**Q** 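So that we are looking at the same thing, I have put the structure below in structure tokens.
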Amino acid sequence: MRILLIHSDYLNYNVKNKTPVAEEIEDAKMQGAFDESLVVFTAVEKEDENNPEGIVENLVSEVKKTNDQVKAENIVLYPYAHLSSSLSSPKVAVQILKDAEEALLAENFNVKRVPFGWYKAFEISCKGHPLSELSRTITAEKQEEKVERKPSTWQILEGDKITQIEDFEFNNRAFKQLVDYELGQGASDEGEPPHVKLMREKEICDYEPASDVGNLRWYPKGKLIRDLLADYVYDLTVERGAMPVETPIFYDLDNQAIYEHAYKFGERQYRTDTKKKLMLRFAACFGAFRLMSDSYLTWKNLPAKIFELTRYSFRYEKKGEVVGLKRLRAFTMPDCHSFCCDVPSSLDEFSAQTDMCMQTGKDLNLDFEVIFRATQDFFDDNEEWMYEIARKFEKPILLEILPERHHYWVCKIDLANIDALGRPIENPTVQIDVESGKRFGITYLGEDGNQHNPTILHTSPTGSIERVLCAMLEKTALEINERAPMLPTWLSPIQARILTIGEAHKEFAEELYQKINASNIRVDVDDRDESVGKKIRNASKEWIPYIFVVGDKEMETGKFQVTVRETGEKVDMTVDELIAEINGKCEGKPFRRLPLPKDISRRINFQ
């Protein structure tokens, strides 16, 4: 249902002609005049036919809430089909308006309902204050009463030492920025972070104007980086016993378990305009839980780990909040779910998965600041264990204690990077879920011969792939005065570049290319008719880790002066030494071939 609420000085109407769907009315309803009124223009929609009682309940609730603010003497329900292009049947619409009228009358409001299905002339005078014109979309979803929550307790945790924030001496700027942000005192979310410019300059990705906001198009270099990160997290989880699966992106909100889990996600559900109430997934939870609820499990199978790289997950972020790689409506989320016997048995797995998340920081050269969250009951029961987890980081972390549980989790740890504007980029997380096993009907046969619901760990070892890249680009902006910006060598789209001086050197450059390429190194050749200086500058702009020039001297000696971007040094190397150096930097990391023509002269300029 779509409604438009107008707080008016007066509304006057006169019935003119009857339409084929007009309701029968008394002569007294042929005209009306109402002073000091809240006029509710309404359009009942096709979807409302599925649950008219829920629509009536929420319509009445919205009207009451608005009238509590404007204090109108009368409420006028005015059918107005022009608010929607997807109207319900006239029969349902009339009944919903009648039921809403009765419900408001029962609560002692002065209510009038303007006839349905008639052409009418009307005159209205809007009062013109800030609340005098409001538009709303009414759905049938059950509205929970908002209960004022007790505030969390925020402290600093160092190992087993807890310090009040006001007594803590901050020596780490990034940690201070994280704490300030969590307490609502930090940097605002306004302003464009530096990575947005970089993702375009480096031909990684860009906004796609023909799609919805928060949906990106990826260029060859960017797709390579994203694929390598996906390969990395796949190997990371599978090596630790996770079983890869793939599940649908659409889910039916008429399924009660899915509806309840989605409802906790609030307004960021990305719904589709179809006959069924379908929602695009915001994580792999739905598919993983449905899969496991249909599986036969015993205590011997646990912990059982399911991994999915969701390409894509969808969140209907507010348009003004969507920015670059940090906040998107469509993104790639590595999502691992571990099914454990109970909360105590989940603690060892939580510890191991925290180690896995920390490893990603080392592998990706990212510095994490940490927030450790738990309910008061969980903290009281597992205080020493929480101290053990905190000691892993060997630095202060932020501790949030919730007086009572509001979410599906009782404990979670969030690892965040800080962008160049002082705002957190939340990436890896581990969470202990005590609700979803029961909600989705997941059971296992215990040692006692009875069926039990498992405790579930939600883990994203890196956070979304897009945010990982966001954090890496932001770090280059933060460190611009300290070192040359670059990605780790294994993630660099081009790892080595050969610069030819002239035509006579191209055949030798081709031989070098063939040998380096055969060693699983992404190498290309700048064969353009440009000066060496310009070629070096261009390679530098592309953040290529290793570049070297091929001329007469190099052809004779077989040695090259290699510019190493990481150190800024120029090092004499043979081709075998260069191969060994690059392979050493990339040892244990995934590899993919160069996704571009090897000769720069044949490249497309995507920007």
Side-chain angles (χ1 to χ4, degrees), residues 1-13 15 21-23 25-26 28-29 31-118 120 122-148 263 266-267:
M1 173 184 275
R2 303 293 178 91
I3 66 172
L4 176 65
L5 302 111
I6 304 291
H7 187 204
S8 64
D9 292 311
Y10 62 83
L11 167 73
N12 301 325
Y13 80 88
V15 169
V21 298
E23 63 175 322
I25 59 172
E26 307 166 347
K29 282 204 168 186
Q31 61 183 18
F34 313 103
D35 295 330
E36 295 296 326
S37 300
L38 176 63
V39 183
V40 186
F41 291 97
T42 63
V44 182
E45 296 183 296
K46 189 71 177 174
E47 186 178 346
D48 303 336
E49 296 178 0
N50 298 326
N51 186 359
E53 295 83 3
I55 293 294
V56 170
E57 182 180 345
N58 290 343
L59 171 61
V60 169
S61 174
E62 186 63 39
V63 170
K64 287 167 58 181
K65 182 174 72 174
T66 303
N67 202 56
D68 284 344
Q69 296 173 299
V70 302
K71 310 296 184 187
E73 294 177 9
N74 301 294
I75 293 172
V76 182
L77 300 178
Y78 197 118
Y80 198 67
H82 307 290
L83 293 174
S84 175
S85 60
S86 176
L87 297 173
S88 72
S89 69
K91 180 180 177 181
V92 172
V94 171
Q95 191 59 54
I96 283 176
L97 292 173
K98 285 182 176 180
D99 291 347
E101 179 185 20
E102 290 180 7
L104 289 164
L105 285 169
E107 299 203 34
N108 298 317
F109 287 96
N110 295 319
V111 187
K112 298 296 179 182
R113 184 173 60 83
V114 175
F116 181 93
W118 293 78
K120 298 176 285 288
F122 72 89
E123 181 182 5
I124 189 169
S125 174
C126 178
K127 286 186 175 290
H129 59 73
L131 296 177
S132 63
E133 299 175 80
L134 302 170
S135 63
R136 296 286 186 267
T137 298
I138 305 297
T139 68
E141 292 181 359
K142 186 72 176 175
Q143 295 183 355
E144 291 185 357
E145 291 186 15
K146 290 188 176 179
V147 179
E148 190 169 336
Y263 184 75
E267 296 178 352

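This structure is a prediction, so every number in the text was calculated from the model and none was measured.
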**Q** How many angstroms lie between CG in Leu97 and CG in Leu77, if you round to the nearest 0.5 Å?
**A**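 Output value for this atom pair is 6.5 Å.
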**Q** Okay, side chain of Asn67, backbone of Ala72: is any donor-acceptor separation there less than 3.5 Å?
**A**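 Such a contact is found between Asn67 side chain and Ala72 backbone.
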**Q** When you compare the side chain of Asp99 with that of Pro52, does any pair of heavy atoms fall below 4.5 Å?
**A**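 A side-chain contact under 4.5 Å is absent here.
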**Q** For residues Val60 and Ala103, report the shortest heavy-atom separation together with the two atoms involved.
**A**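 Taking Val60 first and Ala103 second, the nearest heavy atoms are CG2-CB, 3.8 Å.
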**Q** Rounded at 0.5 Å granularity, tell me how far CD in Glu101 sits from CD1 in Ile96.
**A**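 Taking CD in Glu101 and CD1 in Ile96, the distance rounds to 14.0 Å.
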**Q** Determine whether Lys46 and Leu87 make a side-chain contact, defined as any pair of heavy atoms from C-beta on separated by less than 4.5 Å.
**A**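 No, too far: nothing below the 4.5 Å cut-off.
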**Q** Please report the closest heavy-atom contact between Ile75 and Val40, naming both atoms and the distance.
**A**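 So the minimum-distance heavy-atom pair works out to CG2-CG2, 4.3 Å.
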**Q** Using a 4.5 Å cut-off on heavy atoms from C-beta on, say whether the side chain of Ile55 contacts that of Val44.
**A**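 A side-chain contact under 4.5 Å is absent here.
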**Q** How are the rings of Tyr78 and Tyr13 set to each other: parallel, tilted or perpendicular (split at 30° and 60°)?
**A**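 Perpendicular: the ring planes of Tyr78 and Tyr13 meet at over 60°.
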**Q** Would you say the side chain of Leu38 lies within less than 4.5 Å of the side chain of Leu5, judging by non-hydrogen atoms?
**A**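 With C-beta onward as the side chain, the pair touches.
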**Q** How many angstroms lie between CD1 in Ile138 and CZ in Arg2, if you round to the nearest 0.5 Å?
**A**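 One finds 10.5 Å between CD1 of Ile138 and CZ of Arg2.
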**Q** Would you say that Glu53 contacts Asn51 through its side chain, given a criterion of any heavy-atom pair below 4.5 Å between the two side chains?
**A**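 A side-chain contact under 4.5 Å exists here.
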**Q** Would Glu62 and Asn58 count as having a side-chain donor-acceptor pair, cut-off 3.5 Å?
**A**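 No.
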**Q** Could you grab the distance from atom CD1 of Ile3 to atom OG1 of Thr42, nearest 0.5 Å is fine?
**A**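 If I round to the nearest 0.5 Å, the distance is 8.5 Å.
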**Q** Which atoms form the tightest heavy-atom contact between Leu104 and Val111, and what is the distance?
**A**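 Closest heavy-atom pair between Leu104 and Val111: CB-CG2, 3.4 Å.
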**Q** Check for a donor-acceptor pair, side chain of Ser8 on one end and backbone N or O of Ser37 on the other, with a separation under 3.5 Å.
**A**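 Yes; judged by distance alone, with no hydrogens or angles, the pair exists.
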**Q** Would Lys127 and Glu36 satisfy salt bridge (Lys or Arg N to Asp or Glu O under 4.0 Å), going step by step from the backbone distance to the final call?
**A** CA-CA 9 Å; Lys127 286 186 175 290; Glu36 295 296 326; 3.1 Å; yes
**Q** What pair of heavy atoms forms the shortest contact from Trp118 to Glu23, and how long is it?
**A**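 That closest heavy-atom pairing would be NE1-O, 2.9 Å.
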**Q** Using 30° and 60° as the class boundaries, would you call the ring planes of Tyr80 and Phe122 parallel, tilted or perpendicular?
**A**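 The rings of Tyr80 and Phe122 stand perpendicular, inter-plane angle above 60°.
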**Q** Take a 6.0 Å sphere around NZ of Lys91 and say whether it holds more than 12 heavy atoms from other residues, nucleotides or ligands.
**A**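 Not buried by this count: 12 neighbours or fewer within 6.0 Å.
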**Q** Do Val21 and Phe116 have side chains that approach each other closer than 4.5 Å (heavy atoms only, starting at C-beta)?
**A**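 Touching, per the 4.5 Å side-chain cut-off.
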**Q** For Lys29, is the NZ atom crowded, meaning more than 12 foreign heavy atoms sit under 6.0 Å from it?
**A**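 More than 12 within 6.0 Å, yes.
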**Q** Taking all non-hydrogen atoms of both residues, which atom of Phe41 and which atom of Leu83 are closest, and how far apart?
**A**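 Heavy-atom minimum between the residues: O-CD1, 3.5 Å.
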**Q** Can you name the nearest heavy-atom pair linking Cys126 to Ser132, along with the distance?
**A**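 It is SG-OG, 3.5 Å.
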**Q** Does CD belonging to Glu47 count more than 12 external heavy atoms closer than 6.0 Å?
**A**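 Open: at most 12 neighbouring heavy atoms sit under 6.0 Å from CD of Glu47.
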**Q** Can you tell me which residue among Ser85, Ser86, Ser84 is in a side-chain hydrogen bond (donor to acceptor under 3.5 Å, both in side chains) with Glu45?
**A**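 The side-chain hydrogen bond (donor to acceptor under 3.5 Å, both in side chains) with Glu45 is passed solely by Ser84 among Ser85, Ser86, Ser84.
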**Q** Any non-hydrogen side-chain atom of Phe34 less than 4.5 Å from a side-chain atom of Glu73?
**A**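 No, too far: nothing below the 4.5 Å cut-off.
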**Q** Is there side-chain contact between Lys64 and Phe109, with heavy atoms separated by less than 4.5 Å?
**A**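 Side chain of Lys64 against side chain of Phe109, heavy atoms only: contact under 4.5 Å found.
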